[in-house]
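Notes follow once the structure below has been shown.
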Amino acid sequence: MIGTTITELIIEEQRRFASATGDFTSLINDVVIACKAIGSAVRYGKLSDADVLGSADTENVQGETQKKLDVISNELFLRRNEFTGHVAAMASEEMDSIYHLPHQYPRGKYLLLFDPLDGSTNTDVNGALGTIFSILRRPEGATGEPDEAEFLQSGVNQVCAGYALYGPSTMMVLTTGFGVNGFTLDPRIGEFVLSHPRITVPQDTSEFAINAAYTRLWEAPIKRYIDECLAGKEGPRGRDFNMRWAGAMIADVHRVLSRGGIFLYPIDSKLRAKGSAGKLRLMYEANPMSFIVEQAGGVASTGLQRILEIPPESLHQRCPVVMGSSNEVERVVAYHREAA
Ligand code: AFP
């Protein structure tokens with residue numbers, strides 16, 4: 001017997017809206033197919049006919065060296081979604097500016113943003129990594145060819161956010177604003193089947209995820225929070241904490257969604273010196289993951305502001321990220337307020 005597939009659940013959600021045309025369901029289907037294709041490229045690795053591992057010897061707009069799989073995943077996402085008539089334009093971590101559809105294809109009402117392969121440095125070590133996406137509606141009354149300004153909407157406007165995690169099993173986690181559901185790819189039938197209905201993040205946790213290599217660069221509120229966790233039972237928190245770091249936000253936040261925790265990628269003195277507002281990108285990393293975490297009952301903040309309310313100024317803008325179990329994130333926010 002086959003469980004509820006991702007398509008069935010999206011159709012059910014679509015039926016809540018009398019005016020729904022089915023466009024959105026089709027768009028999600030295309031995103032799902034793109035993720036299955038990327039997952040397959042990731043899974044076969046060295047066994048692929050084409051050599052998909054290693055560096056592509058190119059840099060993206062962020063100045064990061066692209067992996068071959070970054071480039072392949074980006075292409076797979078674009079090709080799958082450009083011709084269907086559901087999106088008006090796309091934006092990706094791997095492209096400097098927005099992607100205009102070839103002129104022969106119809107323009108739809110949605111804008112699709114994605115990080116085709118988050119944590120791609122993990123490809124070389126067979127570590128978990130994934131694809132993150134965010135869907136916005138074109139602004140009311142917008143016509144003609146979309147420009148970047150149409151994409152610059154706050155995260156609260158997201159219609160849908162999700163990610164595919166290519167780990168020991170391939171999972172898709174999705175929200176359309178009615179809670180969060182997790183699906184596992186059943187290789188026997190090639191479908192994502194509902195395996196984690198109504199995911200919720202516990203309010204409390206004793207697990208944190210942060211790259212401790214940057215301890216010397218952290219600002220006071222983060223230093224204080226982590227120091228107190230590290231002090232364990234004998235410290236002000238009165239209990240021991242555990243630490244995890246996967247090196248891929250998607251894997252770290254998935255763990256937080258699975259069993260609670262707090263994920264931090266704060267601003268630090270090195271990033272400030274470079275004139276950067278953080279490491280992680282707002283539009284296709286922080287916003288979609290924040291939407292998911294909030295829909296699961298967690299909190300997502302920069303330390304000083306709710307991430308979903310940041311007014312974006314540019315496509316590749318960065319921001320500090322603190323997300324996960326509400327009581328821990330609120331504590332970090334309180335420490336920021338006190339310091340400010
Ligand atoms: P890549 O996609 O370039 O591997 O970057 C992953 C990432 O944006 C995020 O997923 C990780 O949490 C973070 O970078 C890791 O960064 P550090 O290497 O600085 O810890």
Side-chain angles (χ1 to χ4, degrees), residues 35 38-39 41-42 45 52-74 76-77 91-95 113-134 161-167 173 207-219 222 226 243-257 261-274 276-290 292-293 300 302 307 315-324:
C35 291
I38 296 170
V42 168
V52 298
L53 294 188
S55 168
D57 295 325
T58 48
E59 279 191 355
N60 64 13
V61 62
Q62 343 270 343
E64 297 161 345
T65 305
Q66 291 177 303
K67 296 280 175 194
K68 285 180 192 159
L69 273 172
D70 281 322
V71 179
I72 293 168
S73 306
N74 196 52
L76 284 168
F77 226 84
S92 160
E93 175 180 350
E94 302 303 333
M95 293 182 299
L113 299 97
F114 54 93
D115 176 354
L117 208 54
D118 175 66
S120 57
T121 40
N122 279 357
T123 52
D124 297 340
V125 297
N126 199 17
L129 68 175
T131 300
I132 310 175
F133 63 91
S134 161
Y163 62 83
L165 176 68
Y166 314 119
V173 173
E207 194 163 81
F208 64 89
I210 192 165
N211 187 343
Y214 305 133
T215 304
R216 70 190 190 288
L217 308 170
W218 293 338
E219 298 189 336
I222 299 293
I226 299 296
M243 199 202 85
R244 289 282 184 277
W245 185 250
M249 177 202 204
I250 202 164
D252 282 312
V253 175
H254 184 74
R255 190 185 52 256
V256 167
L257 286 158
I262 178 169
F263 169 83
L264 307 98
Y265 209 114
I267 176 92
D268 62 35
S269 57
K270 195 168 167 189
L271 290 165
R272 273 199 201 284
K274 282 200 292 189
S276 183
K279 155 99 195 234
L280 301 179
R281 277 52 56 119
L282 173 67
M283 301 298 292
Y284 40 79
E285 290 181 324
N287 267 344
M289 296 311 260
S290 297
I292 293 168
V293 165
T302 62
I307 289 174
L315 206 53
H316 299 291
Q317 159 174 356
R318 297 169 189 258
C319 69
V321 171
V322 183
M323 59 172 65

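FYI, side chains are in, hydrogens and waters are out, and symmetry mates aren't considered; it's all heavy atoms of this structure. Whatever order the structure lists them in is the order used to number ligands and atoms, beginning at 1.
Put simply, the side chain of T123 does not reach to within 4.5 Å of the side chain of D70, judged on heavy atoms.
Close N/O approach between G119 and ligand 1 is found [any backbone or side-chain N/O within under 3.5 Å]. Here's the thing with E93: none of its N/O atoms is less than 3.5 angstrom from an N/O atom of ligand 1. For ligand 1, one of its N or O atoms has an N or O atom of N211 under 3.5 Å away.
Remark: ligand 1 atoms within the under-4.0 Å shell around heavy atoms of L117 are 2 (O). The atoms of ligand 1 that sit less than 4.0 Å from any heavy atom of M249 are 9 (C), 10 (O), 11 (C), 12 (O). Each of the following atoms of ligand 1 lies closer than 4.0 Å to a heavy atom of Y214: 17 (P), 19 (O). The contact set between ligand 1 and E285, taken as ligand atoms under 4.0 Å from a residue heavy atom, comprises 8 (O). Proximity to T121 (heavy-atom distance under 4.0 Å) selects the following atoms of ligand 1: 4 (O). Atoms of ligand 1 lying under 4.0 Å from at least one heavy atom of R281, given by number and element, are 8 (O). Near L280, meaning under 4.0 Å from one of its heavy atoms, ligand 1 places the atoms 8 (O), 9 (C). Listed by number with element, the atoms of ligand 1 under 4.0 Å from a non-hydrogen atom of D118 are 2 (O), 6 (C), 8 (O), 9 (C), 10 (O).
Between W245 and Y265, the two ring planes are tilted [angle within 30° to 60°]. Using bins of under 30°, 30° to 60° and over 60° for the plane-to-plane angle, the ring pair Y163/H254 lands in the perpendicular bin.
Considering CG of L264 and OH of Y214, their distance stands at 14.0 Å, rounded to 0.5 Å. Atom-to-atom distance recorded for I210:CD1 and T215:OG1 is 7.5 Å, nearest 0.5 angstrom.
By the 4.0 Å N-to-carboxylate-O rule, E285 lies too far from R318 to be salt-bridged with it.
In this structure, a donor-acceptor pair under 3.5 Å is absent between the side chains of S134 and N287.
The closest donor-acceptor contact from the side chain of N122 to the backbone of A246 lies under 3.5 Å.
Using a 4.0 angstrom heavy-atom cutoff, I250 does not count as in contact with ligand 1.
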